[in-house]
Amino acid sequence: MAGETVVIAGGGQGGFQVAASLRQAGFDGRVLLIGDEPELPYQRPPLSKAYLSGQSSREMLSLRPEQFYADQQIELLAGERVTVIDRHRRRLQLASAGELGYDHLVLAVGARNRALPVPGADLDGVLGLRTVADADALRERLKGARDVAIVGAGFIGLEFAAVAAAQGLNVQVLEAARRPMSRAVSAHTSDYFTQAHTQSGVKFNFGACVVRLHGSGGRVTAVEIAGGQRLPADLVLVGIGVIPNTELAIAAELATGDGVLVDEHLVSSDPRVSAIGDCAQYPSRFTAGLIRLESVQNAVDQARTVAARLVGNGAPYAKVPWFWSDQGKLKLQIVGVIAGHDATVLRGDPDRGGFSVFCYRGGKLLGIESVNRPADHMVGRRLLSDGIGLTPEQAADEGFDLKAHAATPAKPSEHVA
Ligand code: NAP
């Protein structure tokens, strides 16, 4: 790849990391980073937490200051978008009508918020949260709001609920499923978070199907759910998940599924094109089949894997997935992917502030959810990445030294399949 051109489509955390890691690894070709937001690449996690509540500033969001890009000879095209990939000519068309050639293209184009498909969803006061512009709009709206309705009790919904409730607003969460964060965490952890938010004044309505938003003078005033109940709302946050941005890849006839399909090296069906982060679906040794993960860890570690490959140090992507979510005083950390678990083991005491839920399938540890127990989380990362077995009995026994256990080398039979 010496002297060649790498174009990275997508200026989020993953795209930024490819560019930074290429330079760190001594890549001497041209590096172009194209992002459609008119900003320097920034971190998204604080948008629904410290930035939203006014505890952190815009400057603190930036991943690096502007000078970094000049110093590292990373050509940053902010406010620009790739519109067409011509794989045969290895050229890209840009929204600004320009064209660019590439030797290797990295798709780090992320995902977009799913829209609420009901009448009234376009009323003023109905907002989503993904970008810093969204967070700025929400910060402003929170100042004058009284009744906040949140559609979706996922990470966005609950983090936003914690911030809004702390500001003394009436907060009502409407969730289609029977419990919050149901795809990401066990029922035990869902129930704990429901209780904790309820104690902070948040009201929940599970199994709720929003059918219409009502307004007056173009502004939202209420949310109607199936059955006819109307809940007053002068601010509605929609956090009902995301859709991977695969349109560019589909138009370029790259293989796609629930994301751009890539192999264990994160290479797409075209060896000149890689895909990473929220938009990529890949084979993981931590799940039964292909997976697409929406997390900072995944985007950053996949970016490093691709950059290393492009400078000749190729290795399969094999990092253990982990996530976190700050909701008020609660810090939730998750390691592994717990979908399909058939048993859970509790360690610690939920009533005394901290606990972990160890999730198993067929006796094999799939993942660990920790609430205010960072040490368990760190040990969990080690256990899962090194394939060290842990029986349910060991997990449940507070006297069993997890840290020492995680430091023992794995026996071959304990390795994750
Ligand atoms: P999410 O975590 O996927 O949660 C969306 C929730 O909305 C799910 O519980 C979903 O239920 C529910 N839902 C879907 N359609 C609905 C409807 N019509 N009415 C009511 N509820 C509905 O997505 P998110 O909270 O919107 O977050 C967006 C993205 O940001 C995700 O990628 C998320 O991982 C990321 N994020 C991550 C963090 C973090 O890691 N701490 C924080 C914020 C955001 P079903 O599952 O039944 O569809």
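For ligands, and for the atoms within them, numbers begin at 1 and follow the listed sequence.
Inclusion of Arg114 in the set of residues having an N or O under 3.5 Å from an N or O of ligand 1 is not warranted. On a distance-only criterion, Asp278 and ligand 1 share no N/O pair closer than 3.5 Å. Considering backbone and side-chain atoms together, Ala176 places an N or O closer than 3.5 Å to an N or O of ligand 1. Close N/O approach between Met181 and ligand 1 is not found [any backbone or side-chain N/O within under 3.5 Å]. At least one N or O atom of Arg183 sits closer than 3.5 Å to an N or O atom of ligand 1.
A 4.5 Å side-chain heavy-atom check between Leu40 and Arg64 finds every atom pair outside the cut-off.
Evaluated for a salt bridge (charged side-chain N to carboxylate O under 4.0 Å, His left out) with Asp278, the options Arg44, Arg292, Arg130 yield exactly one hit, Arg130. For the salt bridge (charged side-chain N to carboxylate O under 4.0 Å, His left out) with Asp136, the lone residue among Lys143, Arg58, Arg141 that qualifies is Arg58.
For atom 14 (C) of ligand 1, the closest non-hydrogen atom on the protein side is Ile240 CB, 3.6 Å. When only non-hydrogen protein atoms are considered, atom 9 (O) of ligand 1 lies nearest to Glu175 OE1, 2.9 Å. The protein atom (non-hydrogen) at minimum distance from atom 4 (O) of ligand 1 is Gly154 CA, 3.3 Å.
With ligand atoms numbered from 1 in the order given, ligand 1 contributes 28 (C), 29 (C), 32 (O) to contacts under 4.0 Å with heavy atoms of Val242. With ligand atoms numbered from 1 in the order given, ligand 1 contributes 5 (C), 6 (C), 7 (O), 24 (P), 25 (O), 26 (O) to contacts under 4.0 Å with heavy atoms of Gly239. Residue Trp324 approaches ligand 1 through these ligand atoms, each under 4.0 Å from one of its heavy atoms: 39 (C), 40 (O), 41 (N). Which parts of ligand 1 touch Val151 is read off a 4.0 Å heavy-atom cut-off, strictly below it: atoms 19 (N), 20 (C).
The presence of a protein heavy atom under 4.0 Å from atom 39 (C) of ligand 1 is confirmed.
Using the six-membered ring where Trp is involved, Phe206 and Phe204 have ring planes that are parallel, under 30° apart on the 30 and 60° scheme. Note: Tyr192 and Phe355 have perpendicular aromatic rings, judged against thresholds of 30 and 60 degrees for the angle between ring planes. Note on ring orientation: taking the six-membered ring where Trp is involved, the planes of Phe68 and Phe16 are tilted (angle from 30° to 60°).
In Asn113, neither the side chain nor the backbone holds a heavy atom less than 4.0 Å from any atom of ligand 1. Counting heavy atoms closer than 4.0 Å to ligand 1, residue Ile156 contributes atoms from both its backbone and its side chain.
Residues His377 and Arg373 have side chains that never bring a donor and an acceptor to within less than 3.5 angstrom of each other. Judged by distance alone, the side chains of Thr131 and Asp134 do bring a donor and an acceptor atom under 3.5 Å apart.
Residue Phe323 places every heavy atom at 4.0 Å or more from ligand 1. Ligand 1 is never approached by Val210 to a heavy-atom distance shorter than 4.0 Å.
Between Asp326 and Lys49 there is no salt bridge, since no side-chain N of the basic residue sits under 4.0 Å from a carboxylate O of the acidic one. Salt bridge absent: Arg361 and Asp342 never bring a charged side-chain N and a carboxylate O closer than 4.0 Å. Under 4.0 Å is where a charged nitrogen must lie from a carboxylate oxygen, and between Asp103 and Arg90 at least one such pair does.
Considering Glu159, Glu294, Arg112, Arg130 only, the shortest heavy-atom separation from atom 34 (O) of ligand 1 involves Glu294. For atom 3 (O) of ligand 1, the choice among Ala111, Gly241, Gly152 with the nearest heavy atom turns out to be Gly241.
Glu369 places a side-chain N or O within 3.5 Å of a backbone atom of Ser186 that can act as its donor or acceptor partner.
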